[in-house]
Amino acid sequence: MIVSKFGGTSVGSAKNINKVVQIIANKKKKSAVIVSALSGVTNLLIKASEKAVNGDKDYIDIIKEIQEKHTSVIEELLNESDQIICKDYVLQNLHKLKDTLNGVFLLNDLSDKSASRIISIGEILSSYIIAKAMKRQGLNVSLKDSRELIKTNSDYNNAQINYKDTYTNIQNFFLKNSSDIVVLPGFIASDEKRDTTTLGRGGSDFTAAIIANAVNAEILEIWTDVSGMFTANPKLVKQAKPIKRISYQEAMELSHFGAKVIYPPTIQPVLDKNIPIVIKNTLAPDEDGTFISKNKNGNRSTVKGISHIDNIALLTLEGNGMVGVPGISHRLFEALSNENINIKFITQASSEHSICIAIDVSEYDIAKKAVDKQFEFEILQHKVNPIIVDKDLAIIALVGDNMKSHQGISGKMFSELGDNNVNIRAIAQGSTEKNISAVIAKRDVKKALNTLHAVFFEDHIKQINLFIVGIGNVGGKLLEQINQQKEYLLDEQHLNLRVIAIANSKKMLFDQDGINLNDWNTQLINKGEKSNLDDFYKNIIKLNLRNSVFIDNTANEIVPKYYADYLKQSISVVACNKIACSSSYDDYKNLKYLSRKYHAQFLFETNVGAGLPIIDTLNNLISSGDQITEIQAVLSGSLNFIFNNFIAGSSFYEIVKRAGEEGYTEPDPRIDLSGVDVMRKILILMRESGNKLELENIANESFLPESSLKADSVNDFLETLKKESDHFEKLRMEAENKGCRLKYVAEYKNGKAKVGLQHIAKDHSFYNLDGKDNIVLFYTKRYIDQPLIIKGAGAGADVTASGIFGDIIRTGNK
Ligand code: ADP
Ligand code: ASP
Ligand code: MG
């Protein structure tokens, strides 16, 4: 015999009930079919009883809603004569329900007995309708009320089974029953006095397991809305996959820790008889689902699944007077057990100075009172502190039979969570090592599940979530490059780059599934909201995605003010913006410190020489123990472009204007021409070489005339360049007369740095520096006579974007 249980979603609509009928019709064996209430109906019944007991008349509307739900299913599912019978049956039961709820409303009292009677209605109605639907299809079916078979104590809403009577009743019934199919309501039972009891939320699974045991079923099928027990809750982890085979113990651990797909007590009755369970999807019956049995030798992967329990409160009992005193934990547990409070998690440090326990948050108030009362005397004597309660927590757990034979699983679990700023409040690992669990903040659950899932199940593919501010020249190119390289990175480096948000000064766009980069511009225009850096930050924090990277492609002064906040959330920062690294030394150092402290990267390769690997090389030299003795460099692609084009007969003003138009200068060309940009760059190189310096410590002899230096707008500045053409022509001639070229050079030696225009002779390595190229000569303790030279394009959107891209990849490879 086969026992099949269909959950609420499987019987939520006429369409799905038809699927159920089809699945059963295809079976060639005798079946017991256990059904839940139509999806959502148990919740509505609970809501109605809460309203009634709180004196809210709206419970009447809820009864109507329940009636409409059933009526519409009946009308779609059945022929006219069956419709009349079924509607009448529904009406009769809802009348009784209304009477009970009226009583609750008038008395302002909801006893457990009434509550149980109220919530049993869902299964009573669904089983009746489904049996009718099967009959209409010509199946040989009978309906049996489970309350006549399953006997319990009078703990109405979480009734305990009287197995002896129950098994005898079921066996006797099936011995006599000759129909091919018996439909039974799940969840409901009765006590000695024949009053209705219920088996706890999700209890239809349990009903089915009890029947499976009693009839010695060959298999117990649990039909639901997902294709099996998944490696994690598929509603929260998109990459989760059904587990093909799993042991009873593993299934039990996963369900205890929140894998709602199977109600935890379900396993024991079938385990006792070694009856396998298969979890299948009513909506996709051809998929394999999950096979649960004693047999463990299917898949030997260590971690089988990750689950979580929401709504946890952590109670911490601590105090100096607890150390070495026997009986403290006994009294703690006794106080909780007297209040019927279920403990989900316990840890105690070996110092015995504190005990932590996790319970359902709804019970924390009663728990606190009970424990504080229990230790009233010790609290008065300051031997024990009043119990500390933390709320808004959750438990996540790794589950697997084979974890015990593998080292390093918990290490991996906690380091990955730490790297993603998931704070761990308490840890527990059973000695059987089937389960490693941790208490974390509720808001971190999705991130934690996804992070751990990626580590333990996803072939080590690392998802990196990008939040990009600045999508003009450089940012636009970056998006283009990411789009082009996405597949390659996934295949070759196992990195999954997703752009979650983009923003310019006007608009910002978020898509937590990743923005489609083929038409980001149109999406930004059509769907983007008004841009605001505060909101941008808040949205990122709210999304709380693992491996998040904030990217600043702007030259804006305000954006860097947020870097510290991002780093503190373990969000890496990649900046082509130089402001942060060239502002005060303390700020720069602080960002580096935060990056270390919060395991987030702070990378800014493009601050110097665009995409050239200058900072990376410098860092490698320093890490390997080298020391920088001297740097000579042409670091301004813009100035190089300008002076290379400033030949006899040309106008300095025109060239500067053109450089601006072609994107070779900063939006404000004064930053380039005043030398400030180069000062910032050499400052960053010096700081990265280990010097504590400020921008003012860098000597700058400007080549600009007084009037240009004083200009207080970009236009005024450009005008002065026009007016002062003689000044610039003189500069040019002086160099030409000596057979030299003009280059804007940055130099660092003996702890000092300067920037300025120099006459470069033919034999110097800077002489032939073309276009907008940069060059850096590093003289070090190891590169003494011949410097280490890095040379190439030092400006331009494409190369800058590729430098940022490189930093993004570095965050992924850490
Ligand atoms: P039913 O109404 O069929 O009893 P439930 O809602 O009780 O269905 O259980 C199925 C749900 O369990 C799934 O829709 C899914 O959201 C949730 N779930 C949580 N964890 C897991 C998991 N590890 N594998 C599969 N489903 C899970
Ligand atoms: N209808 C009950 C509930 O929603 C029992 C079940 O579906 O398993 O909890
Ligand atoms: Mg269920």
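Atoms within each ligand, like the ligands themselves, are counted from 1 in listed order. Nothing here was measured: the structure is a model prediction, and the numbers come from that model. Worth knowing before you read on, the calculation uses all heavy atoms, side chains too, and leaves out hydrogens, waters and symmetry mates.
For the residues Lys241, Arg201, Lys260, the heavy atom positioned nearest atom 5 (P) of ligand 1 is part of Lys260. Among Asp205, Val261, Leu236, the residue whose heavy atom sits closest to atom 26 (N) of ligand 1 is Val261.
By the 4.0 Å heavy-atom criterion, Leu254 is excluded from the residues contacting ligand 1.
Residue-level proximity to ligand 1 for Lys5 is carried by the side chain, the only part with a heavy atom below 4.0 angstrom.
For Glu65, the side chain to side chain contact (heavy atoms under 4.5 Å, CB included) partners at least two apart in sequence or on another chain are Leu44.
For atom 11 (C) of ligand 1, the nearest non-hydrogen atom of the protein is Asp225 OD1, 4.1 Å. The protein atom (non-hydrogen) at minimum distance from atom 23 (N) of ligand 1 is Phe230 O, 3.1 Å. Of the protein's non-hydrogen atoms, Pro234 CD, 3.7 Å is the one closest to atom 27 (C) of ligand 1. Among protein heavy atoms, the minimum distance from atom 25 (C) of ligand 1 is reached at Gly228 O, 3.4 Å. Nearest to atom 15 (C) of ligand 1 among the protein's heavy atoms is Asn233 OD1, 3.5 Å. With hydrogens left out, the protein atom closest to atom 2 (O) of ligand 1 is Gly8 N, 3.0 Å, a heavy atom.
A side chain to side chain contact (heavy atoms under 4.5 Å, CB included) with Gln83 holds for exactly one of Lys132, Glu76, Glu75; it is Glu75. Each of Val21, Leu143, Val141 was checked for a side chain to side chain contact (heavy atoms under 4.5 Å, CB included) with Ile181, and the lone residue meeting it is Val141.
Taking a cut-off of under 4.0 Å to the non-hydrogen atoms of Met229, the atoms of ligand 1 that pass are 24 (N). Near Ala232, meaning under 4.0 Å from any of its heavy atoms, are these atoms of ligand 1: 23 (N). Of all atoms in ligand 1, listed by their number and element, those nearer than 4.0 Å to a heavy atom of Lys235 are 13 (C), 14 (O), 15 (C), 16 (O). Within the listing of ligand 1, atoms 1 (P), 3 (O), 8 (O), 10 (C) sit less than 4.0 angstrom from a heavy atom of Thr224.
For the residue pair Gln22/Asn18, the side-chain donor-acceptor check at 3.5 Å is not satisfied. Side chain to side chain, Ser227 and Lys280 fail the donor-acceptor criterion of an N or O pair below 3.5 Å. Between the side chains of Thr42 and Arg201, not a single donor N or O lies within less than 3.5 Å of an accepting N or O. Defined by atom type and a distance below 3.5 Å, a donor-acceptor pair is present between the side-chain atoms of Asn544 and Asp444.
The pair Glu253-Lys434 fails the salt-bridge criterion, with no side-chain N (NZ, NE, NH1 or NH2) lying under 4.0 Å from an Asp/Glu carboxylate O.
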Run through all N or O atoms in ligand 2 and write down each protein N or O closer than 3.5 Å, as a pair with its distance.
from, atom 1, to, atom 2, distance (Å)
ligand 2, 1 (N), Thr42, OG1, 2.7
ligand 2, 1 (N), Glu123, OE2, 2.7
ligand 2, 4 (O), Thr42, OG1, 3.3
ligand 2, 4 (O), Arg201, NH2, 2.9
ligand 2, 7 (O), Ser36, OG, 3.0
ligand 2, 8 (O), Gly202, O, 3.4
ligand 2, 8 (O), Gly203, N, 3.4
ligand 2, 8 (O), Ser204, N, 3.1
ligand 2, 8 (O), Ser204, OG, 3.2
ligand 2, 9 (O), Arg201, NE, 2.7
ligand 2, 9 (O), Arg201, NH2, 3.4
ligand 2, 9 (O), Gly202, N, 2.8

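For CD of Gln171, the number of neighbouring non-hydrogen atoms (other residues, nucleotides, ligands) closer than 6.0 Å is greater than 12.
Using cut-offs of 30° and 60° on the angle between ring planes, the pair Tyr263 and Phe206 is perpendicular.
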